[in-house]
Number of protein chains: 2
Amino acid sequence: MTPERILDAAEEVLRRYGPAKTTVVDVARFLEVSHGTIYRHFASKAALRDAVAERWLHRVSLPLAEIAAEQGAAAERLHRWLRQLMVLKRQKVLDDPELFATYSAIAEEAREVVQAHIGELVTQLTQIIESGISTQAFKVTDAHQAAKAVFSATARFHHPAHALEWRDPNIDADFAQVWQLLLVGLVVGETFKQ
Amino acid sequence: MTPERILDAAEEVLRRYGPAKTTVVDVARFLEVSHGTIYRHFASKAALRDAVAERWLHRVSLPLAEIAAEQGAAAERLHRWLRQLMVLKRQKVLDDPELFATYSAIAEEAREVVQAHIGELVTQLTQIIESGISTQAFKVTDAHQAAKAVFSATARFHHPAHALEWRDPNIDADFAQVWQLLLVGLVVGETFKQ
DNA sequence: TGAATGACAGATATTGATTTTTGTCATTCA
DNA sequence: TGAATGACAAAAATCAATATCTGTCATTCA
């Protein structure tokens with residue numbers, strides 16, 4: 001028995017039963033082993049749950065990391081990165097709302113894992129903005145600060161708590177408008193007196 | 001018996017028992033009347049709940065309306081309006097987290113009322129941005145579009161789903177950073193090619 | 001000898017019988 | 001005569017008995 005096989009099984013059982021009704025015994029039954037076996041590989045149900053969440057979130061951050069590592073124009077790359085994040089999340093909620101609810105419920109419990117994931121995403125954003133600063137496409141001075149601001153300002157388009165709003169057909173137009181304001185802010189980068 | 005007295009009682013009972021355990025019978029008992037009396041003034045428990053939500057939300061939109069109606073500089077007014085919205089929400093969650101949870105739970109059920117409230121807030125933002133456009137402080141062209149974008153981009157600082165993040169002491173710095181980017185966007189208003 | 005088992009205690013969840021609540025309305029009250 | 005009552009049916013919530021689950025560990029297996 002490998003941790004990977006257990007994670008595969010846990011994911012499948014979660015998919016079938018949902019987060020509330022999934023038990024360690026269910027996962028063990030699915031693998032036709034005793035539930036003690038699972039406790040040999042994971043310290044607790046919470047640890048198993050965190051490992052599942054980590055794998056899920058990795059599937060989001062991996063394709064984004066590719067965009068962050070590309071060479072092209074920073075503004076275009078930043079736009080594509082943000083849209084990709086939005087599209088990845090939205091596709092999940094539209095394809096299978098129940099599975100998305102499962103994701104979200106688990107993510108809400110696995111806070112440390114989610115914090116690490118967000119840290120990773122902000123690092124990727126910082127990377128893109130830094131490359132924009134070095135080519136003088138962006139005039140902002142602190143790439144990490146700017147990355148955090150961009151991530152905050154787009155929360156409505158990627159945070160699962162806003163998933164219901166993603167049904168609104170205007171959501172793409174709303175994103176475009178926010179993107180426009182942020183892009184101008186990054187490009188100009190000046191501070192205005194109040 | 002007036003609708004107002006019933007709303008006062010409903011609020012008090014909600015404050016004491018929470019949204020899950022509050023019944024129409026509890027509200028009637030508090031007023032020392034039969035529960036039939038309440039159904040004379042409100043068509044259903046949902047209608048009573050919506051009326052309570054409406055009154056609560058009005059207490060948020062009223063002080064903001066004053067700022068929106070002031071004369072001063074648009075940028076300063078817009079900043080003050082957004083901070084006031086943030087402060088009003090945050091004060092509620094810090095002062096009495098349980099009562100805030102009650103607010104939030106009720107708001108989640110009273111969706112139409114919340115939609116109307118958000119519409120009102122966006123109208124106020126539009127008003128401020130229009131005044132900024134007329135004094136040439138802002139160069140954006142569509143005030144209503146810009147208002148929606150500003151509201152979206154600041155969701156993390158006023159949407160109750162993000163209340164847990166408001167404990168982070170960096171939240172004010174994060175807001176300042178987002179505000180900076182948005183302000184530059186509004187003031188410059190130009191579109192940049194990708 | 002490292003991995004899996006299954007019995008076990010304490011904690012948690014399920015179930016179905018019972019109580020409470022919602023919403024209506026014919027009747028009473030002032 | 002408009003407002004309040006209280007009895008009622010149907011729907012929903014509660015509660016306590018019962019079952020299941022989590023996490024441990026001495027024992028078995030290969």
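A, B, ... follow the sequence lines: proteins, then strands. Residue 1 opens every chain.
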d([atom1], [X]; [atom2], [N]) in whole Å:
X: R5(B); N: dA3(D); atom1: CZ; atom2: P; value: 15 Å
X: E32(A); N: dT5(C); atom1: CD; atom2: P; value: 11 Å
X: Y17(B); N: dT21(C); atom1: OH; atom2: P; value: 10 Å
X: I38(A); N: dC21(D); atom1: CD1; atom2: P; value: 12 Å
X: L48(B); N: dT22(C); atom1: CG; atom2: C1'; value: 13 Å
X: K21(B); N: dT19(C); atom1: NZ; atom2: P; value: 20 Å
X: R29(A); N: dT22(D); atom1: CZ; atom2: C1'; value: 14 Å
X: F42(B); N: dA3(D); atom1: CZ; atom2: P; value: 14 Å

Electrostatic pair R90(B):D172(B) at N-O distance under 4.0 angstrom: yes

Salt-bridge contact K45(B)-D50(B) (side-chain N to carboxylate O under 4.0 Å): no

DNA chain C: 5'-proximal contact among A20(A) and G36(A) (nearest heavy atom): G36(A)

Quick one: is [X] getting a side-chain N or O under 4.0 Å of the [N] phosphate, OP1 or OP2?
X: T37(B); N: dA3(D); result: no
X: H41(A); N: dA3(C); result: no
X: S34(B); N: dT5(D); result: yes

Pairing nucleotide - dA13(C), Watson-Crick or G-U, each distance under 3.5 Å: dT18(D)

From dG6(D), dA3(D), dG6(C), nucleotide with atom closest to R40(B) side chain: dA3(D)

M1(B) side-chain proximity, nearest of dT21(C), dA4(D), dA4(C): dA4(D)

Sugar-phosphate only, base, or nothing, as touched by V25(B) at under 4.0 Å among non-hydrogen atoms: base

Check: H35(A) side chain, dG23(D) base, donor-acceptor under 3.5 Å: yes

Candidate pair T37(A) and H41(A), rule side-chain hydrogen bond (donor to acceptor under 3.5 Å, both in side chains), full reasoning: CA-CA 7 Å; T37(A) 298; H41(A) 295 278; over 6 Å; no

Donor + acceptor pair across side chains of S131(A), R77(A) (<3.5 Å): yes

Of K45(A) and V33(B), the one whose closest DNA chain D nucleotide lies more 5': V33(B)

Check: H162(A) ring centre within less than 6.0 Å of H159(B) ring centre: yes

